Amino acid sequence: MNIKELYQEIILEHGKNPRNLRKTENFNKDAKGNNPLCGDNVHIFLKLNEDKKVEDVSFEGSGCAISMASASIMTDLMKGKEEAQVKDIVNDFLGMIKENPELKSKNLQEDEKTKLMCLSGVKQYPMRVKCATLSWHTLISAIDKTQEEINTEN
């Protein structure tokens with residue numbers, strides 16, 4: 001199996017069986033995101049403790065396989081991370097999905113980088129980049145509470 005096939009398998013697995021597809025109990029931060037071009041919708045629920053560490057993160061929503069896989073992978077990776085680490089990982093991921101060939105964050109272990117790199121192929125399809133990044137932008141909005149709703153067309 002080559003790396004491209006492995007990446008496709010990871011995306012399909014997370015797309016068909018998304019992790020953390022639920023509403024976090026006692027969440028203290030949340031945000032909604034919408035991609036009107038393909039109909040992706042996501043609602044991120046975040047529970048940060050007093051030390052600004054992610055105790056739990058989940059999502060509800062619907063969308064294409066890339067959107068659901070990206071949200072699933074993201075929520076899996078963020079559990080247990082501190083807010084500053086989360087923001088660093090999000091920035092690294094957004095840079096990778098748009099232009100950088102690899103992930104550079106020191107807050108990611110090698111197996112976590114492999115999971116994220118499976119989404120790197122979407123940069124070849126500019127319309128799909130919005131699908132892959134919607135949940136990530138929405139997570140930052142939940143942390144910072146910067147907007148009512150993230151919209152990929154704004």
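Numbers here simply count residues along the sequence, with the first being 1. All values derive from a computational prediction rather than experimental measurement.
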How far apart are the closest heavy atoms of [X] and [Y], and which atoms are they?
| X | Y | answer |
| --- | --- | --- |
| Ile97 | Leu119 | CD1-O, 2.9 Å |
| Asn28 | Lys47 | OD1-CA, 3.4 Å |
| Phe93 | Ala132 | CE2-O, 3.9 Å |
| Met117 | Pro101 | CE-O, 3.4 Å |
| Phe59 | Ile44 | CB-CD1, 3.9 Å |

Practice task
Check the pair Val42 / Lys32 against side-chain contact (heavy atoms from CB on, under 4.5 Å), numbers first and verdict last.
Solution key: CA-CA 6 Å; Val42 68; Lys32 293 180 181 178; over 6 Å; no
Does [X] reach the main-chain N or O of [Y] with its side chain, forming a donor-acceptor pair under 3.5 Å?
| X | Y | value |
| --- | --- | --- |
| Asn100 | Glu102 | no |
| Asn49 | Asp51 | yes |
| Thr133 | Val129 | yes |
| Asp40 | Cys64 | yes |
| Ser141 | His137 | no |
| Ser67 | Gly63 | no |
| Lys130 | Leu37 | no |
| Ser120 | Leu116 | no |
| Lys123 | Met96 | yes |
| Asn107 | Ile89 | no |

Handout entry: Cluster overlap Val122 with Leu103, hydrophobic side-chain contacts below 4.5 Å
Key = yes
Salt-bridge criterion met for [X] and [Y] (N-O under 4.0 Å):
| X | Y | answer |
| --- | --- | --- |
| Lys23 | Glu60 | no |
| Asp56 | Arg22 | yes |
| Lys115 | Glu112 | no |

Got [X] and [Y] here, is their nearest side-chain heavy-atom distance under 4.5 Å?
| X | Y | value |
| --- | --- | --- |
| Met78 | Trp136 | yes |
| Lys87 | Asp144 | yes |
| Ser70 | Cys131 | no |
| Glu82 | Leu48 | no |
| Asp30 | Leu46 | no |

Would you compute the distance between atom [atom1] of [X] and atom [atom2] of [Y] and round it to the nearest 0.5 angstrom?
| X | Y | atom1 | atom2 | answer |
| --- | --- | --- | --- | --- |
| Ile140 | Asn91 | CD1 | CG | 6.5 Å |
| Ser135 | Ile73 | OG | CD1 | 9.5 Å |
| Met74 | His14 | CE | NE2 | 12.5 Å |
| Leu134 | Ile66 | CG | CD1 | 12.5 Å |
| Leu77 | Gln109 | CG | CD | 9.5 Å |

Practice task
Could you walk me through whether Ser62 and Asn41 pass side chain to side chain donor-acceptor pair (under 3.5 Å), step by step?
Solution key: CA-CA 5 Å; Ser62 60; Asn41 289 291; 4.6 Å; no
Flag if over 12 foreign heavy atoms under 6.0 Å of [atom1], [X]:
| X | atom1 | value |
| --- | --- | --- |
| Lys29 | NZ | yes |
| Glu25 | CD | no |
| Lys52 | NZ | no |
| Lys53 | NZ | no |

Exercise for the section: Using only heavy-atom distances, determine whether the side chains of Asn20 and Ser58 contain a donor-acceptor pair under 3.5 Å. Expected result: no
